[in-house]
Chemist: 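Below is a structure I'd like to ask you about.
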Amino acid sequence: MKATADRHVPVLLQRCTELLGTAARGLIVDATVGMGGHTEALLRAYPGCAVVGIDRDPRALELASERLAPFGERFHPFHGTYDEIAHAAAEADGVLMDLGVSSMQLDEQERGFSYAADAPLDMRMDTSTGTSAAELLNTASAAELRRILYRYGEERFAPRIADRIVRQREQAPLTRTSELAEIVRESIPAPARRTGGNPAKRTFQAIRIAVNDELGILERAIPAALGILRPGGRIVVMAYQSLEDRIVKHEFARVTTSTTPHGLPVELDQPEFSLLTRGAERASEDEIATNPRAASVRLRAVERRI
Ligand SMILES: C[S@@+](CC[C@H](N)C(=O)[O-])C[C@H]1O[C@@H](n2cnc3c(N)ncnc32)[C@H](O)[C@@H]1O
């Protein structure tokens, strides 16, 4: 068994630590504590800070708590989803969100996140609650499945895949990741199968997003996280796919833009937040070479002015 620190390599670690330096003597909420990599770096870099670490995955929280035990009272775990951030901390000087699944979740094959290994179709980040991928695939209508595959996987063969899922489950309910991967393979025309990596990737992403209501929770979480920041407080968000990044980008644009019409000599309302990043920041070639997960990261950050 790998040590916790080796099960997930934190992305843009230096940059996140630097951006959250303004919270060096305050409270930081790591809303996706995972294996605790970013949190450990923050606790080490800023001996005057404390961190509340949120994760919906009890297993991640258990491993992070063990890893961070040497920091004693400076680390507090909180089990829940990040839209519940105001229950974890009423106010904070910094918030970090490193979205998506961790390498640990992908590596634990029995959790069903990976199309590369045969396992039960679960895909819940919190296995103590909610609906599994198998329940979703065996009960959703063809129209609902099409919508999930289009919206969350941007899958152009969504109708064919959805129809095949429905036909196959009429014979016997789907239970294994290998069955879903095979359905996708058979639904996609041969020429399309030869390009763009494993064709099951988009379908697995889509089902995972639906099972965990990832976008709905993120849409609620960003305003909630902005809401707990004290003046001067900062939020740093790292997204790994365009659907999530779009939500972050729009919400940050909304709170950093003045609503005063152009052309007026004075600003009637000062935006509450200012942008700390121009566009989205990406990882360096060097980081991507040692940590392929960093290839798709987009980091955005804002600071509360008032
Ligand atoms: C990319 S990992 C974070 C890794 C962490 N930064 C580290 O250095 O170890 C994302 C984590 O967020 C958690 N997560 C995903 N969606 C969540 C949500 N809606 N609420 C709370 N935690 C969530 C996952 O369970 C996972 O452990």
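We use all heavy atoms of the structure for the numbers below, so side chains are in, but hydrogens, waters and symmetry mates are not. Remember, it's 1-based here, ligands and their atoms both numbered in the order they're listed.
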Chemist: Rounded to the nearest 0.5 Å, what separation is found between the CZ atom of R160 and the CD1 atom of I165?
Modeler: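 Rounded to the nearest 0.5 Å, the CZ-CD1 separation comes to 13.5 Å.
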Chemist: Which residue and non-hydrogen atom of the protein lie closest to atom 3 (C) of ligand 1, and at what distance in Å?
Modeler: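 Checking every protein heavy atom, the shortest distance to atom 3 (C) of ligand 1 gives T32 O, 3.3 Å.
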Chemist: Is L96 touching ligand 1 with its side chain, its backbone, both, or neither, if touching means heavy atoms under 4.0 Å apart?
Modeler: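 For L96, no heavy atom sits under 4.0 Å from ligand 1.
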Chemist: So, regarding D30 and ligand 1 (criterion: nitrogen or oxygen to nitrogen or oxygen, under 3.5 Å), is there a contact or not?
Modeler: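 No.
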Chemist: Below 4.0 angstrom from a heavy atom of D57, which ligand 1 atoms are there? Numbered from 1 as shown, please.
Modeler: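 With D57 as reference, the close atoms of ligand 1 come out as 25 (O).
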Chemist: Can you see which heavy atom on D163 is nearest to which on A142, and at what distance?
Modeler: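 Result for this residue pair: OD1-CB, 4.3 Å.
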Chemist: With rounding to the nearest 0.5 Å, note down the distance linking CZ in R7 to NZ in K2.
Modeler: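 If we round to the nearest 0.5 Å, R7:CZ and K2:NZ are 7.5 Å apart.
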Chemist: Hey, which atoms in ligand 1 end up nearer than 4.0 Å to a heavy atom of G100?
Modeler: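 Contacts of ligand 1 toward G100, numbered from 1: 10 (C), 11 (C), 12 (O), 15 (C), 24 (C), 26 (C).
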Chemist: Can you list the ligand 1 atoms lying under 4.0 Å from a non-hydrogen atom of G37?
Modeler: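 Reading through ligand 1 atom by atom, the close ones are 7 (C), 8 (O), 9 (O).
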Chemist: Using a 4.0 Å heavy-atom cut-off, say whether R56 meets ligand 1 through its side chain, its backbone, both or neither.
Modeler: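 Within the 4.0 Å criterion, R56 contacts ligand 1 through backbone and side-chain atoms alike.
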Chemist: Check ligand 1 against G80 and write out every atom of the ligand that is under 4.0 Å from a heavy-atom position of the residue.
Modeler: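 Heavy-atom distances to G80 below 4.0 Å select 20 (N), 21 (C).
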Chemist: Side chains of D286 and S284: do they bring a donor and an acceptor to under 3.5 Å?
Modeler: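 Judged by distance alone, the side chains do not pair up.
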Chemist: With a 3.5 Å cut-off and no angle check, do the side chains of Q14 and T17 form a donor-acceptor pair?
Modeler: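 T17 and Q14 do not have a side-chain donor-acceptor pair below 3.5 Å.
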Chemist: Is the closest basic N to carboxylate O distance between R305 and E272 below 4.0 Å?
Modeler: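 So R305 does not pair with E272 through a salt bridge.
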Chemist: Based purely on interatomic distance, does M35 place a nitrogen or oxygen under 3.5 Å from a nitrogen or oxygen of ligand 1?
Modeler: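 The answer is yes, given that M35 and ligand 1 share an N or O pair closer than 3.5 Å.
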Chemist: Can you tell me which residue and heavy atom of the protein come closest to atom 15 (C) of ligand 1, and the distance to 0.1 Å?
Modeler: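 Checking every protein heavy atom, the shortest distance to atom 15 (C) of ligand 1 gives M125 SD, 3.2 Å.
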Chemist: Classify the contact between V101 and ligand 1 as side chain, backbone, both or neither, using a heavy-atom distance cut-off of under 4.0 Å.
Modeler: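 Within the 4.0 Å criterion, V101 contacts ligand 1 through backbone atoms alone.
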Chemist: Specify side chain, backbone, both or neither for H38, according to which of its non-hydrogen atoms lie closer than 4.0 Å to ligand 1.
Modeler: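 Both the backbone and the side chain of H38 come within reach of ligand 1.
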Chemist: I want to know if ligand 1 touches H8 in the polar sense, i.e. an N/O pair below 3.5 angstrom.
Modeler: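 Among all N and O atoms of H8, none is under 3.5 Å from an N or O of ligand 1.
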Chemist: Which atoms of ligand 1 have any heavy atom of S102 under 4.0 Å away?
Modeler: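 Taking each heavy atom of S102 in turn, ligand 1 has 2 (S) under 4.0 Å.
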Chemist: Looking at G36, which atoms of ligand 1 are within less than 4.0 Å of one of its heavy atoms?
Modeler: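 Checking each atom against G36, I get 7 (C), 9 (O).
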Chemist: If I apply the N/O under 3.5 Å rule, does T81 come out as touching ligand 1?
Modeler: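 So ligand 1 has no N or O lying under 3.5 Å from an N or O of T81.
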Chemist: For V302 and R234, what are the C-alpha separation, side-chain angles and deciding distance, and is it a side-chain contact (heavy atoms from CB on, under 4.5 Å)?
Modeler: CA-CA 6 Å; V302 297; R234 293 177 166 189; over 6 Å; no
Chemist: Give yes or no for whether the N/O distance cutoff of 3.5 Å, strictly under, is met between I217 and ligand 1.
Modeler: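 By distance alone, the answer is no.
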Chemist: Report yes or no: do S141 and E144 form a side-chain donor-acceptor pair below 3.5 Å?
Modeler: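 Side chains of S141 and E144: no pair found under 3.5 Å.
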Chemist: Checking a contact table here: which protein heavy atom is nearest atom 1 (C) of ligand 1, and how many Å away?
Modeler: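 The closest one turns out to be D98 O, 3.4 Å.
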Chemist: For E154, run the salt bridge (charged side-chain N to carboxylate O under 4.0 Å, His left out) check against R202, R246, K201 and tell me which one passes.
Modeler: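 Of the listed options, the one satisfying the test is R246.
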Chemist: How does L99 reach ligand 1, by side chain, by backbone, by both or by neither, if only non-hydrogen atoms under 4.0 Å count?
Modeler: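 Only the backbone of L99 comes within reach of ligand 1.
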Chemist: Check whether the side chains of T32 and D98 place a donor and an acceptor atom closer than 3.5 Å, and report yes or no.
Modeler: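 On atom types as modelled, these side chains do not qualify, holding no pair under 3.5 Å.
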Chemist: Does a side chain donor of either Y82 or D55 reach within less than 3.5 Å of an acceptor in the other side chain?
Modeler: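 Checked: Y82/D55 side chains show no N/O donor-acceptor pair below 3.5 Å.
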Chemist: Does only the side chain of Q105 get under 4.0 Å from ligand 1, or the backbone, or both, or neither? Count heavy atoms.
Modeler: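 Near ligand 1, Q105 shows its side chain, while the N, CA, C and O stay back.
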Chemist: Using a 4.0 Å heavy-atom cut-off, say whether D55 meets ligand 1 through its side chain, its backbone, both or neither.
Modeler: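 Both backbone and side chain.
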Chemist: If you measure from CZ on R59 to CG on D126, what distance do you get to the nearest 0.5 Å?
Modeler: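 It comes to 14.0 Å.
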Chemist: Which heavy atom of R74 sits nearest a heavy atom of C49, and at what distance?
Modeler: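 Smallest interatomic distance, heavy atoms only, reads NE-O, 2.9 Å.
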Chemist: Pick, from T4, L61, V33, the option with the minimum heavy-atom distance to atom 5 (C) of ligand 1.
Modeler: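 Residue with the shortest heavy-atom distance to the ligand atom: V33.
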